[in-house]
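To start, the structure under review is shown below, and the notes come after it.
Naming convention: chains lettered A, B, ... in sequence-line order (proteins, then strands); numbering from 1 in each chain. These numbers come from the heavy atoms of this one structure, side chains and all, not from hydrogens, waters or symmetry mates.
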Amino acid sequence: MKTDDFTIRVYTLLHAIPAGRVTSYGGLAAMAGHAGRARMVGAILRRLPPGSHLPWHRVVTASGKPAFPAGSDAFNQQKGLLEAEGVVFAGARVNLKVFGWQP
DNA sequence: TAATTGACCGGAG
DNA sequence: ACTCCGGCCAATT
């Protein structure tokens, strides 16, 4: 069994995101060569294979907000990790014009 | 096997 | 700024 190329690209791109930067689900899907499959990126991160150290916290929605309800554990964790890398939150949101990343 | 769900997105009202 | 809607398509029920 061979992991899909799409999945491989998503992992590679995710790993290529520098600390202190974020990218969106849709953007990641587009960079991986499959624009329109933002939900698949979400599905991949949701089901991360055990043992992977992917920086999932550097991925936010196209609005610049974490994909979790504000106040949830995952939300707070993601926010904390990003702030520790230098990303500034404006409320529950990140300014993609400043912190958004693309190769 | 069919229906539902979902770490999404962009446009419209 | 917010809600609603259609499109996307694999994993789950």
Can you tell me the distance, in whole Å, between the [atom1] atom of [X] and the [atom2] atom of [N]?
| X | N | atom1 | atom2 | result |
| --- | --- | --- | --- | --- |
| A:D4 | C:dC9 | CG | P | 13 Å |
| A:N76 | B:dA7 | CG | P | 17 Å |
| A:D5 | C:dA10 | CG | P | 14 Å |
| A:M40 | C:dC9 | CE | P | 8 Å |
| A:Y11 | B:dA7 | OH | C1' | 14 Å |
| A:I44 | C:dC9 | CD1 | C1' | 11 Å |
| A:H34 | C:dC9 | NE2 | P | 10 Å |
| A:R46 | B:dA7 | CZ | P | 5 Å |

Nucleotide nearest [X] when distance is taken to its side chain, options [options]:
| X | options | value |
| --- | --- | --- |
| A:A38 | B:dA7, B:dG10, B:dC8 | B:dC8 |
| A:R39 | B:dC8, B:dA7, C:dA1 | B:dC8 |
| A:R93 | B:dG10, C:dC9, C:dA1 | C:dA1 |
| A:F68 | B:dA7, C:dC9, B:dC9 | B:dA7 |

With a 3.5 Å distance limit and no angle check, can you tell me whether [X] reaches the backbone of [Y] through a side-chain donor-acceptor pair?
| X | Y | answer |
| --- | --- | --- |
| A:S63 | A:K65 | no |
| A:Q102 | A:T23 | no |
| A:R58 | A:I17 | yes |

Discussion item. Counting the atoms with a prime plus P, OP1 and OP2 as sugar-phosphate, which does A:A43 contact under 4.0 Å by heavy atoms, base, sugar-phosphate, or nothing?
Written reply: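 Here A:A43 touches no strand at all.
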Practice prompt. Look up atom CZ in A:R9 and atom NE2 in A:H34, then write down how far apart they are to the nearest 0.5 Å.
Written response: 6.0 Å
Discussion item. Should the side chain of A:R37 and the base of C:dG7 be counted as holding a donor-acceptor pair, with the cut-off at 3.5 Å?
Written reply: no
Worksheet item: Under 4.0 Å: is that the gap between some side-chain N or O of A:R47 and OP1 or OP2 of C:dT12?
Response: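 Yes, because at least one side-chain N or O of A:R47 sits under 4.0 Å from OP1 or OP2 of C:dT12.
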Worksheet item: Between A:L45 and A:Y25, what is the shortest heavy-atom contact and its length?
Response: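 Scanning both residues, the minimum pair turns out to be CD1-CE2, 4.0 Å.
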